[in-house]
Number of protein chains: 2
Amino acid sequence: MGVTGDRFRHEALGVVFQVREDRLSVLLWQRALSPFAGAWALPGGQLLAAERLGTSASRHLAAKVDIPEIAHLEQLETRSDPVRDPRERVLATAYLALVTVGAQPRLPADTAWHPVDALPACAFDHQSIIGSARERLRAKLSYTNIGFALAPETFTIAQLRDLYAAALGHEVSATNLQRILTRREVIEPTSGQSRPTSAGGRPAALYRFVSRSLVVTNPFAAFRPRD
Amino acid sequence: MGVTGDRFRHEALGVVFQVREDRLSVLLWQRALSPFAGAWALPGGQLLAAERLGTSASRHLAAKVDIPEIAHLEQLETRSDPVRDPRERVLATAYLALVTVGAQPRLPADTAWHPVDALPACAFDHQSIIGSARERLRAKLSYTNIGFALAPETFTIAQLRDLYAAALGHEVSATNLQRILTRREVIEPTSGQSRPTSAGGRPAALYRFVSRSLVVTNPFAAFRPRD
DNA sequence: CGGGTTTTCAACTGTTGGTAGATAACTACT
DNA sequence: AGTAGTTATCTACCAACAGTTGAAAACCCG
């Protein structure tokens, strides 16, 4: 462990998800220059000398999207294929970032949202990283309260069902969703009601997430005695 | 994204777990030199120019323990605190490594197993990394077949119960364990029987893991319709 | 007031998992 | 052998969890 040793460039990448028009979408920017000119890439950039990876991810994301919009950020994984960047070796640590539904952050001209089930050609290993992020999000929706980072402050059960359905990629029963999340004390009713839409129908009760920071709630720990 | 940019040393660390005498233990070596002289550290070392992180972790572990003994290896997380190493900034990517119970790899003189609930003073941020690794192992025991990497080829339910109890840190019911893992098709009975011990008692049936590579088995995906 | 629409709730069901106690298969000792 | 001791295995029970269905509630509009 002397002072010798190879050194590497290192970048932080953000997989920013938002549910837009009932589809889970990811923020990408289009590369103008080689390599992968024209292909779409995850926002991110180099790690600085005195910077932590999480800070670096936030800093680079700030160039694409207003940071307060990012309701949750967590480290995903580190990619180390020596030739993942054809120019020079760059290690990449990916972060999962979630943006509340309905937020409309201003975007630079080269940047756009893409539904994850209709991705354009992606640069580097970014498509595979997006896949990992989807998996992580899907799993955590089932056993944590991570939905708080996708949902607005208050919402109806129907809105929440659509949001979960988009993020999970399959139908979700509103009855089930309400019962499970209420029993786990992940969501709670507020006194408010939605104003009825023009289409008529019973006005929906408004709910909110009990906590807006990550809590693991699912009792998915088998083999544990009751006492 | 020019050619300029800071470069960093990067190391791979291995959190090697084995159940020894019914206690979950981790492999550590004792530092002789400053910094943290006398403290215990995780095995690991520098990433080389053309090497992937997983390969690097395996390579450094090979210096401490025979590699074929490592039944499972997976990336855990990357630590980036700029001052986690007081000499110079070093990023560290930790791996979770599991060694089959009963294996007795030869160890260098400075290296020893330590029960995780009685850790000595640890160097750098290694104690906290060991904590993360325990969490990961505990969670995955509940919803994957990862026990295959801790258990021998064949085993009795009682042996498996002791192994799970050590890794999970609480009592485990043999009845429950057998029923759940059998129903999930994680383990299956073999034709063999354990030879009775000198203490007497009914000889136990021998089981084996159906698969010896990681499979996610727990249906912990709520909100999914049956068909 | 009655038909259309959406939300909410209650009841039923199958599955999972924790518990307790009975039964099976062995050793050792008298 | 017979009996006690020991360990393993199995069944039955029960509570909690989760998916489904359909009815009731609360609004709109004409």
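This structure is a prediction, so every number in the text was calculated from the model and none was measured. Chain naming here is simple, since letters A, B, ... match the order of the sequence lines and numbering starts at 1 in each.
- Taking atom CD of Q178(B) as the reference point, atom C1' of dT16(C) lies 16 Å away to the nearest angstrom.
- The separation between E171(B) atom CD and dG18(C) atom P is 14 Å, rounded to whole Å.
- Note on A174(B): nothing from the nucleic acid sits closer than 4.0 angstrom, heavy atoms only.
- Residue F223(B) is the one, among F223(B) and Q193(A), whose nearest nucleotide of DNA chain D lies closer to the 5' end (criterion: closest heavy atom).
- Rounded to whole Å, the distance from CG on L168(B) to P on dG18(C) is 11 Å.
- Y95(A) pairs by the ring pair (Phe, Tyr, Trp, His ring centres under 6.0 Å) definition with nothing, not counting sequence neighbours.
- Nucleotide dT9(D) holds its P atom 14 Å from the CG atom of L181(B), rounded to whole Å.
- Taking atom CG of L177(B) as the reference point, atom C1' of dG18(C) lies 13 Å away to the nearest angstrom.
- Using a 4.0 Å cut-off between charged side-chain N and carboxylate O, E188(B) and R208(B) make a salt bridge.
- Between R136(A) and E77(A) there is no salt bridge, since no side-chain nitrogen of the basic residue lies less than 4.0 Å from a carboxylate oxygen of the acidic one.
- Across the protein-nucleic acid pair, L206(A) atom CG and dT7(C) atom C1' stand 12 Å apart, rounded to whole Å.
- R202(A) and Q193(A) share no side-chain donor-acceptor pair at under 3.5 Å.
- Following rounding to the nearest Å, R161(B) (CZ) and dC10(D) (P) show an atom-to-atom distance of 15 Å.
- R79(A) and Q75(B) share no donor-acceptor pair across their side chains, judged by distance under 3.5 Å alone.
- Of the candidate nucleotides dA8(D), dC26(C), dG17(C), dA8(D) has the atom nearest to the side chain of A158(B).
- Straight-line distance from the NE2 atom of H170(A) to the C1' atom of dA18(D): 13 Å, rounded to whole Å.
- Across dT8(C), dA25(C), dG17(C), the shortest atom-to-atom separation from the side chain of R183(B) is found for dG17(C).
- Using cut-offs of 30° and 60° for the angle between ring planes, the H10(B) and H10(A) rings count as parallel.
- For T78(A), the side chain to side chain donor-acceptor pair (under 3.5 Å) partners two or more places apart in sequence, or in a different chain, are T93(A), T78(B).
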Taking only N/O atoms, report every protein-nucleotides 19-23 of chain C pair under 3.5 Å with atom names and distance.
residue	atom	partner	partner atom	Å
dT19(C)	OP1	R226(A)	N	3.0

